[in-house]
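Below is one structure, written out as structure tokens; comments come after it.
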2 protein chains.
Amino acid sequence: MAIRPSARTDVNRSAILAHLGAQGPTSRADLARALNVSPALMTQLTKDLLADGLLAELEHSPSQGGRPARMLGLVATAGRAIGVKIAPDHVAFVEVGIAGGVLRSASEPFDAAASTMLSDVTELLRRFIAGGGKTPLLGIGVGVPGAVDRQGSGLVDSAQLGWNQVPVGATLRRELDLPVLVENNVNALAMAERLYGLGRQYEDFLVLTIGTGIGAGIVVDGVVLRGVSGGAGEIGHIPIDAEGPMCTCGNRGCLEAIIGQAGLERTARERGIIGAHGTIDALRSAADAGDEAAAAVFSEAGHLLGRVLAGLVHTLDPEIVIVLGEGTASWNHWSFGFEPALRSSLISSRRGVAVAVETWQDDSWAQGAASLVLATPFDSDDVAGDQGRLVRERLVEQASPQQTAPQQKAPQQGEAQ
Amino acid sequence: MAIRPSARTDVNRSAILAHLGAQGPTSRADLARALNVSPALMTQLTKDLLADGLLAELEHSPSQGGRPARMLGLVATAGRAIGVKIAPDHVAFVEVGIAGGVLRSASEPFDAAASTMLSDVTELLRRFIAGGGKTPLLGIGVGVPGAVDRQGSGLVDSAQLGWNQVPVGATLRRELDLPVLVENNVNALAMAERLYGLGRQYEDFLVLTIGTGIGAGIVVDGVVLRGVSGGAGEIGHIPIDAEGPMCTCGNRGCLEAIIGQAGLERTARERGIIGAHGTIDALRSAADAGDEAAAAVFSEAGHLLGRVLAGLVHTLDPEIVIVLGEGTASWNHWSFGFEPALRSSLISSRRGVAVAVETWQDDSWAQGAASLVLATPFDSDDVAGDQGRLVRERLVEQASPQQTAPQQKAPQQGEAQ
DNA sequence: TATGGTTTATTTAGTCCTGAATAAAGACGG
DNA sequence: CCGTCTTTATTCAGGACTAAATAAACCATA
């Protein structure tokens with residue numbers, strides 16, 4: 001409650017690495033300012049990192065009126081991470097470099113309902129790892145559509161996957177002998193956004209995802225809000241209409257059941273806009289082609305989303321809302337209903353809240369998951385627990401080859417509470 | 001000697017005082033555990049505080065198998081704080097001791113719409129201060145129904161008061177020459193709950209207030225969530241019904257317009273349950289007397305509140321929800337609709353979320369405001385800014401003059417609730 | 001070309017805090 | 001009564017970090 005003393009040096013060392021990964025080469029002076037430590041300490045820390053071979057001194061940067069800065073950059077071979085997205089019918093992988101860039105990606109069919117789902121995902125992941133580079137693999141980040149007890153534990157509850165207390169983290173750790181961090185996929189996306197995206201400039205923002213499900217990642221004071229059981233941001237189950245359609249969660253009329261992908265398809269089918277087996281793609285095509293009824297489906301969804309988001313903005317008072325997810329492909333149709341509904345539902349002092357829609361890529365979810373690993377350096381609140389410490393250790397150890405210590409398991413670091 | 005250069009030590013020093021105020025006499029060992037610092041440091045810090053006369057060594061507590069603890073207690077004369085609640089038609093004051101207990105209180109008529117409102121409240125406050133005790137006055141806490149930019153600044157936006165960018169903090173500071181902290185009243189209440197109430201045992205909880213308005217105080221990781229402009233928790237303006245009654249904010253169908261006090265009275269009048277000038281008290285009396293139509297008004301409000309709260313629980317994943325406010329007087333009627341609506345709208349993993357209804361007193365709002373001052377010791381995140389530092393300085397300075405005060409026994413600290 | 005101004009990096013002295021060892025003070029069982 | 005155990009409090013050596021002074025490197029300008 002009072003002060004967090006602790007072994008902060010470790011966090012600081014790798015916060016430098018993370019900053020360089022996210023921002024590119026930086027001078028010691030800028031690093032000290034960015035990380036809010038004294039220049040003296042920065043000299044000390046970078047000396048160690050240079051000696052360890054994790055950092056390299058680059059060219060001098062042109063002077064800005066005084067002594068020119070000697071830039072420091074990451075040594076590219078310092079590490080990489082793998083991100084995994086688990087969906088009901090497939091898993092997606094990406095491999096990212098230490099600076100956050102995607103090196104390669106893949107997607108494989110997968111059945112989350114199979115009894116062998118854990119060994120299946122392990123095997124697929126093993127194959128993906130095998131095809132990877134030679135630089136040290138720092139860890140695995142896994143994103144799931146559901147609640148995760150702790151990132152460093154990885155017990156998953158997910159209605160969408162039909163999983164109940166599934167030990168994803170423990171299994172993968174045991175099988176792969178790598179640090180594994182598991183998190184709700186929207187929260188992982190919010191962390192990625194904070195590290196590499198628009199969120200860099202904001203301390204308080206909301207990541208709103210539309211697609212199969214409807215979700216929110218909540219960032220407060222620069223940190224993702226997880227809630228007591230890791231289930232914060234489940235806005236897809238905000239009750240809207242007690243007589244509405246059945247939701248995967250068992251209740252009726254949840255937001256997600258109405259404007260999630262399945263909900264939109266259902267509405268479109270009922271209205272005869274798409275066929276009995278028509279999908280969201282057909283609906284979007286129709287809307288794009290000028291079908292007003294099809295466009296109305298999106299627009300009405302946008303209207304509802306706008307009203308719900310207004311409630312969230314009143315509740316959380318964010319500086320900006322970042323819209324992401326597969327559904328953004330049809331955002332031009334959503335926005336027609338969304339914007340007026342949002343603005344007219346806000347109290348005057350919030351009416352100017354910013355909304356940004358970012359471009360979406362197929363591997364964005366997996367990239368978000370990978371950022372769980374790359375974000376551990378920032379983890380001064382110990383969200384990642386002992387797995388985060390493991391990642392940091394790997395970052396430091398890989399640089400000193402003589403440290404060929406035998407396979408020793410992570411010392412059970414007695415997680416408090 | 002009195003003023004320490006480092007803010008960190010300062011925070012720790014007063015965290016001790018706050019803990020003793022909230023928890024009563026405590027041993028050094030327990031303090032070290034509670035504040036998460038080493039016993040060594042605790043010895044050091046308490047030595048200083050004892051020398052400064054802020055702490056006193058009390059009787060030995062019975063041994064628990066080992067060396068018996070020497071309890072430390074607050075010296076009651078170390079300070080007091082004043083809390084102010086500003087409402088559209090009155091202001092309320094309380095004076096609290098350093099342990100959080102109410103020493104005296106008052107309520108005065110007031111017109112927030114008058115052009116002289118700031119000088120009015122200043123004058124009333126001046127009079128209240130004049131009637132107070134002789135122990136050092138640490139500062140003033142002010143609770144307002146609206147958004148406050150920063151506690152240490154005190155620029156207020158409030159639809160309920162009809163205030164726009166009113167410099168409450170600056171004015172009071174200038175006129176009274178005391179530290180002044182201003183905060184949204186529900187947030188202040190949440191802080192009080194965290195310091196002295198049920199919230200002591202929870203890191204993540206929601207304070208839900210029903211009464212004139214509907215509000216929420218959001219506590220995440222033990223800290224009140226303010227949002228980027230200090231307006232988080234404004235759940236009263238969550239849009240419910242686009243065709244609903246007009247709200248003070250200018251929109252239609254806000255939650256507060258429907259189930260806030262005025263909304264309930266409006267409904268009751270429309271249904272002929274109370275007269276044209278009937279108030280909420282008449283409605284409650286009718287319901288208490290067995291009038292089913294009157295009870296239904298509350299029950300329906302409870303139903304709506306339960307559904308909205310379910311959305312909040314999904315969004316924020318709190319451990320417990322604490323219900324407060326004048327409206328709790330009729331909670332027995334609310335709960336009839338509230339409980340089933342809440343539980344049936346929650347996804348299964350959240351269905352067990354705890355809900356506690358605490359007893360409400362007239363001066364609770366003002367007491368919450370006062371806790372802004374008493375909470376500054378906990379303020380490691382610097383929420384209170386320079387005003388918080390001022391409070392801490394006053395706490396330390398006042399003790400120095402008569403440093404040779406004899407070992408006096410501190411009176412037993414009462415539990416404030 | 002000397003002089004001063006600016007920005008970056010390092011060194012130095014000192015503060016805050018911790019972990020570990022030690023002392024203090026009782027309970028308890030034989 | 002004695003030794004052992006447990007819990008509390010203090011002392012001490014050392015690590016992390018900072019502020020301030022200093023050094024280093026460049027620019028501008030009379």
Side-chain angles (χ1 to χ4, degrees), chain A residues 1-16 19-20 25-51 55-73 380 382 392 396 411 413-414 416, chain B residues 1-16 19-20 25-51 55-73 380 382 392 396:
Chain A
M1 183 164 276
I3 305 296
R4 179 173 294 281
S6 78
R8 188 173 168 121
T9 178
D10 213 29
V11 173
N12 266 342
R13 278 170 62 92
S14 34
I16 294 172
H19 187 90
L20 292 178
T26 313
S27 72
R28 285 174 245 268
D30 279 340
L31 275 171
R33 279 189 288 268
L35 302 182
N36 209 31
V37 299
S38 65
L41 180 60
M42 192 49 67
T43 293
Q44 190 60 42
L45 294 172
T46 53
K47 195 187 294 177
D48 294 352
L49 289 169
L50 283 165
L55 256 49
E57 258 191 351
L58 307 179
E59 78 293 349
H60 292 211
S61 98
S63 157
Q64 287 130 347
R67 170 175 173 173
R70 272 195 289 272
M71 307 300 275
L72 299 173
S380 51
D382 204 32
R392 292 195 287 268
V396 180
Q413 272 280 26
Chain B
M1 163 72 86
I3 307 172
R4 304 271 153 178
S6 162
R8 226 147 97 159
T9 298
D10 222 29
V11 169
N12 266 342
R13 280 168 62 93
S14 36
I16 295 172
H19 186 91
L20 293 177
T26 312
S27 71
R28 289 170 178 82
D30 279 340
L31 276 171
R33 279 188 289 268
L35 301 183
N36 206 31
V37 298
S38 66
L41 179 59
M42 192 50 67
T43 293
Q44 191 59 41
L45 293 172
T46 54
K47 194 188 292 176
D48 293 352
L49 289 168
L50 282 165
L55 257 49
E57 262 193 346
L58 308 180
E59 77 292 350
H60 292 210
S61 98
S63 157
Q64 288 131 345
R67 171 177 174 173
R70 272 196 290 272
M71 306 301 274
L72 298 173
S380 51
D382 202 34
R392 292 196 286 270
V396 180

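A, B, ... follow the sequence lines: proteins, then strands. Residue 1 opens every chain.
For the side chain to side chain donor-acceptor pair (under 3.5 Å) test, residues two or more places apart in sequence or in another chain that qualify with A/E57 are A/R28, A/R70. Residues passing the side chain to side chain donor-acceptor pair (under 3.5 Å) test with A/R67, sequence neighbours excluded: none. Legend: residues meeting side-chain contact (heavy atoms from CB on, under 4.5 Å) with A/A69, ordered by chain and number and at least two apart, are A/S27, A/S61, A/M71. Residues meeting the side-chain contact (heavy atoms from CB on, under 4.5 Å) test with B/T43, sequence neighbours left out: none.
With DNA chain D read from its 5' end, the first of the two nearest nucleotides for A/S38 and A/R70 is the one closest to A/S38. Each of B/L41 and A/Q44 was assigned the nucleotide of DNA chain C with the nearest heavy atom; the assignment lying further toward the 5' end belongs to A/Q44.
Comparing D/dT10, C/dA9, D/dA20 against the side chain of A/S27 picks out C/dA9 as the nearest. Nearest to the side-chain atoms of A/P39 among the listed nucleotides D/dA9, C/dT11, C/dT10 stands C/dT10.
Sorted by first and then second residue, the salt bridge (Lys or Arg N to Asp or Glu O under 4.0 Å) pairs involving residues 36-45 of chain A (not counting sequence neighbours) form an empty list. The stretch residues 36-47 of chain B participates, sequence neighbours left out, in no salt bridge (Lys or Arg N to Asp or Glu O under 4.0 Å) pair at all.
Separating the CG atom of B/N36 from the P atom of C/dC16 is a distance of 19 Å, rounded to the nearest angstrom. Rounded to an integer number of Å, the gap from CZ of B/R28 to P of C/dA24 is 15 Å. Rounded to an integer number of Å, the gap from CG of A/L31 to C1' of C/dA9 is 13 Å. Separating the CG atom of A/L58 from the P atom of C/dA9 is a distance of 12 Å, rounded to the nearest angstrom. Between the CG atom of A/L72 and the C1' atom of C/dT10 there is a distance of 14 Å, given to the nearest Å. Atom CG in A/D30 sits about 6 Å away from atom P in C/dT8, given to the nearest Å. As a whole-Å value, the separation of B/M42 CE from D/dT8 P is 13 Å. Atom C1' of nucleotide C/dC16 and atom CG of B/L45 are separated by 9 Å, given to the nearest angstrom.
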So which protein N/O to nucleotides 5-7 of chain C N/O distances come out below 3.5 Å?
residue: C/dG5; atom: N2; partner: A/G65; partner atom: O; Å: 3.1
residue: C/dT6; atom: O2; partner: A/G65; partner atom: O; Å: 3.3
residue: C/dT7; atom: O2; partner: A/R67; partner atom: N; Å: 2.7

What pairs of nitrogen or oxygen atoms, one from the protein and one from nucleotides 28-30 of chain D, lie under 3.5 Å apart?
none

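Nearest heavy atoms, B/G73 versus B/L20: C-CD1, 4.3 Å. Shown here for A/H19 and A/A34, the closest heavy-atom pair between the two residues is CE1-CB, 3.3 Å.
At least one side-chain heavy atom of A/L72 sits less than 4.5 Å from a side-chain heavy atom of A/T46.
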